[in-house]
Amino acid sequence: MNPPTEPSNRSSWSSYLQSLTSQGLFVDALQLCRRIHLLDLPLDRFVLPPALKACSSSPSNLPFSLQLHAYAHKTSYLSFTFVITSLLSAYVKLAAFKSAYKLFDEIPQPTVVAWSAFIAGLARNAPFAHSLSLFKLMRVCGPDFNSATMLGLLPACTQQAHLCSLMALHTCNVKVGMQVSEPSVSNCLVTAYAKCGNTALARQVFDETLERDLVGWNAMLSAYCQNGEAHRALELYQEMVAIGVEPDSVTLVCVLSACTHLGAIATGLEAHERTKRFMPNLPLSNAIVNMYARCGDLSMARAHFDEMSIRTVVTWTTLISGYGAHGHGAEGAYLFDAMVVGNIRPDATAFVAVLSACSHAGLVDKALAYFASMKQNYMIEPRLEHYACMVDVLGRAGRLDEAIALIEAMRVEPDGAVWGALLGACRIHLNVRLAEKAANQVFQIEPNNVGYYVLLSNIYASAKDHRGVAKIRALMRERGLKKPPGLSYIELERRVHVFMADDHSHPRSEAIYKELERLEKALEEVGYVRDTSVADALFGVEEERRGEVLGVHSERLAVVFGLMCTGMGERIVVIKNLRVCGDCHEMIKFTTMVASREIVVRDATRFHHFKQGACSCRGYW
DNA sequence: TTAGGGTTAG
């Protein structure tokens with residue numbers, strides 16, 4: 001959009017300024033303000049809100065905001081609520097909290113709008129405690145709050161720690177009957193509960209809402225997606241469609257995201273069909289590319305990417321990470337270079353994507369070159385996640401000394417992910433001594449992250465160090481840590497089936513176990529030997545747990561069920577929430593030979609394409 | 001003063 005034409009008479013300065021700020025042209029707006037100021041032209045009060053909005057775009061404009069404040073005082077414009085609210089929100093955005101509180105104190109009798117504006121400003125720009133205590137003060141000595149007060153305050157509840165306060169605010173709403181009369185407040189409560197990680201309470205509010213609108217459905221869908229309950233999101237979506245609620249583009253972004261998590265490509269395809277009438281739509285298109293890439297269909301992801309008329313760095317990053325996850329590092333790097341040639345500037349996230357693509361494909365030199373160019377060519381200071389990627393790259397390739405040197409040279413304190421990457425490399429190259437060193441660090445930084453304990457325990461097990469295994473298991477018990485359950489998903493005829501280890505809950509469970517037994521016999525005949533090192537290490541240490549460890553992993557059940565339900569030549573796609581176990585990895589390799597099938601497994605870190613007895617990861621996982 | 005959405009690592 002072009003900037004509007006400058007006005008010829010003074011009376012339209014304020015509307016001109018307004019149009020500049022509404023287009024986000026803050027620099028031009030500020031220049032104009034200063035010119036008006038220099039010319040000493042008489043301003044009307046309507047100039048102040050856009051001028052203050054422009055000021056709040058950068059902290060360096062605080063002195064100018066103070067000048068505008070003084071001007072408002074001199075001209076008595078401060079008696080208008082809209083001038084006060086503009087000043088308050090400018091001060092809050094500029095983090096000039098003292099000035100904001102002082103101004104608020106000076107208002108003789110703040111209206112509900114002034115209270116709400118100040119609360120909303122604090123909610124967005126200051127820690128939650130600020131806006132909450134102002135709301136408490138309002139309850140004591142201010143006017144009654146209205147729905148706008150709540151809509152401004154609730155978005156500040158963003159963490160688990162805010163849950164108790166959120167429940168208290170919820171009670172306030174129930175008391176005045178607002179939750180029933182105002183769907184917008186209910187929807188905001190759903191979102192707030194979701195951000196605090198409590199989908200059960202979010203659902204309760206959703207269920208109690210009488211006038212349920214599309215925003216409410218979308219808020220609940222997104223609540224499930226953000227909290228790793230994609231399965232529930234899809235159920236809710238089916239329910240919504242069944243009662244005739246027409247999805248919009250936001251609904252479809254949520255649904256595509258849920259399909260992405262579950263690997264539910266058939267449902268994703270159906271959602272893709274529904275997106276047609278919203279196109280072109282950048283967030284939707286990005287979600288589609290991501291869905292295909294992470295559901296295992298790179299060519300569909302690429303086809304949609306190629307069709308897009310506008311692509312941002314987010315679009316490119318999505319596809320690069322897709323190629324990376326499938327082990328096509330060279331293509332990922334090629335895309336990154338093509339993006340740069342097309343004049344799209346990579347950001348820190350794009351570098352994470354390309355570095356991880358290099359890592360999964362073992363492209364060490366390429367990764368080192370990208371890592372160097374971040375700072376040299378783009379002035380992007382490597383962050384912890386970039387270091388974690390580089391340690392991963394060097395570590396996987398067996399260049400452990402260089403990985404350690406990199407950690408030692410880091411300007412920032414390494415975090416759990418960095419040491420965790422080194423620990424992962426120690427698993428691949430079975431370096432027990434270095435693993436202990438890395439684990440020692442990681443346990444101090446992230447004492448509750450179970451994954452790292454399991455990793456070290458498995459390293460000891462592979463090295464047949466039974467005492468080491470016992471030590472880690474004891475440490476886990478002492479700290480009250482339990483391994484999260486491994487889950488595998490498989491989508492068949494638009495239904496997602498979920499399996500856990502030793503799961504007997506599936507309706508066709510008996511047949512699945514029989515088929516598994518038959519398959520394992522056939523695999524042994526062609527040379528598959530079950531790797532029991534992890535379970536053996538527990539033998540004599542935790543006799544009662546040996547069975548559990550030796551038990552049937554979820555990916556085995558999902559793969560066998562997939563074999564049973566699909567025809568010859570059909571590809572099987574299984575999604576796992578944790579890393580696929582070494583023994584299952586081996587077993588699936590043999591299965592592709594015996595059953596002449598292609599099997600794709602997406603685990604927590606990447607894709608494994610199994611075909612004719614080999615896996616695309618070639619050990620880089 | 002005013003509710004819902006997309007990308008990365010381990």
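So that the names make sense, note that chain A is the first sequence line, chain B the second, and so on, each numbered from 1.
The side-chain tip of A:R212 points at the ring of A:F206 from less than 6.0 angstrom away and within 45° of straight on.
In this structure, A:D213 reaches the bases: a heavy-atom distance under 4.0 Å links it to at least one base atom across the strands shown. Contact annotation for A:N281: base contact, defined as any heavy-atom pair under 4.0 Å involving a base atom. A:Q226 comes within 4.0 angstrom of the backbone, heavy atoms only, and of no base. Counting any heavy atom pair closer than 4.0 Å across all strands shown, A:A148 reaches a base atom. The residue A:D248 sits close to a base: some heavy atom pair falls under 4.0 Å. Across all strands shown, A:S321 has heavy atoms under 4.0 Å from sugar-phosphate atoms exclusively, and none from any base. Here A:S147 lies out of heavy-atom contact (under 4.0 Å) with every strand. Residue contacts shown for A:S249 include a base, since a base heavy atom lies under 4.0 Å away.
Aromatic ring centroids of A:F104 and A:W115 lie under 6.0 Å apart.
Below 30°, between 30° and 60°, or above 60°: for A:F80 and A:F82 the angle between ring planes is between 30° and 60°, a tilted geometry.
Following rounding to the nearest Å, A:W217 (CH2) and B:dG5 (P) show an atom-to-atom distance of 17 Å. Atom P of nucleotide B:dT7 and atom CG of A:L284 are separated by 12 Å, given to the nearest angstrom. At whole-Å resolution of the value, CD1 in A:I445 and P in B:dG10 are 17 Å apart. One interatomic measurement links the two molecules: CZ of A:F82 to C1' of B:dT2, which rounds to 19 Å at whole-angstrom precision. Distance A:L256 CG to B:dG5 P: 15 Å, rounded to the nearest Å. Between the CG atom of A:L153 and the P atom of B:dA3 there is a distance of 13 Å, given to the nearest Å. Distance CE (A:M339) to P (B:dT8): 14 Å, rounded to an integer number of Å. Regarding A:H272, its NE2 atom lies at a distance of 18 Å from the P atom of B:dG6, rounded to whole Å.
Of the candidates B:dT7, B:dT1, B:dA9, B:dT7 carries the atom nearest the A:N290 side chain, counting heavy atoms from C-beta on. Proximity note for A:V314 (side chain, C-beta onward) versus B:dT8, B:dG10, B:dG6: the nearest is B:dG6. Nearest to the side-chain atoms of A:A353 among the listed nucleotides B:dA3, B:dT8, B:dG5 stands B:dT8. Closest contact between the side chain of A:E385 and the listed nucleotides B:dG6, B:dA9, B:dA3 involves B:dA9. Checking B:dT1, B:dG5, B:dT7 against the side-chain heavy atoms of A:T318 singles out B:dT7 as nearest. Across B:dA3, B:dG10, B:dA9, the shortest atom-to-atom separation from the side chain of A:R396 is found for B:dG10. The side chain of A:T605 lies closest to B:dG10 when the candidates are B:dT2, B:dG10, B:dT7. Proximity note for A:T349 (side chain, C-beta onward) versus B:dG5, B:dT8, B:dG10: the nearest is B:dT8.
Taking 4.0 angstrom as the limit, A:R311 places none of its side-chain polar atoms (N or O) nearer than this to OP1 or OP2 of B:dG6. Distances shorter than 4.0 Å separate none of the side-chain N or O atoms of A:S184 from OP1 or OP2 on B:dT2. OP1 or OP2 of B:dT2 lies within a sub-4.0 Å distance of a side-chain N or O belonging to A:R124. Between A:N286 and B:dT7 there is no side-chain N or O to OP1 or OP2 distance below 4.0 Å.
Applying the ring-ring contact (aromatic ring centres under 6.0 Å, His included) rule to A:F278 yields no partners; only residues at least two apart in sequence or on another chain are considered.
Among A:H304, A:H326, A:H272, the single residue meeting the ring-ring contact (aromatic ring centres under 6.0 Å, His included) criterion with A:Y292 is A:H272. With A:W316 as reference, A:F305 is the one residue of A:F351, A:F305, A:F336, A:Y323 to meet the ring-ring contact (aromatic ring centres under 6.0 Å, His included) rule.
Under the 3.5 Å distance criterion, with hydrogens and angles disregarded, a donor-acceptor pair is assigned to the side chains of A:R203 and A:Y224.
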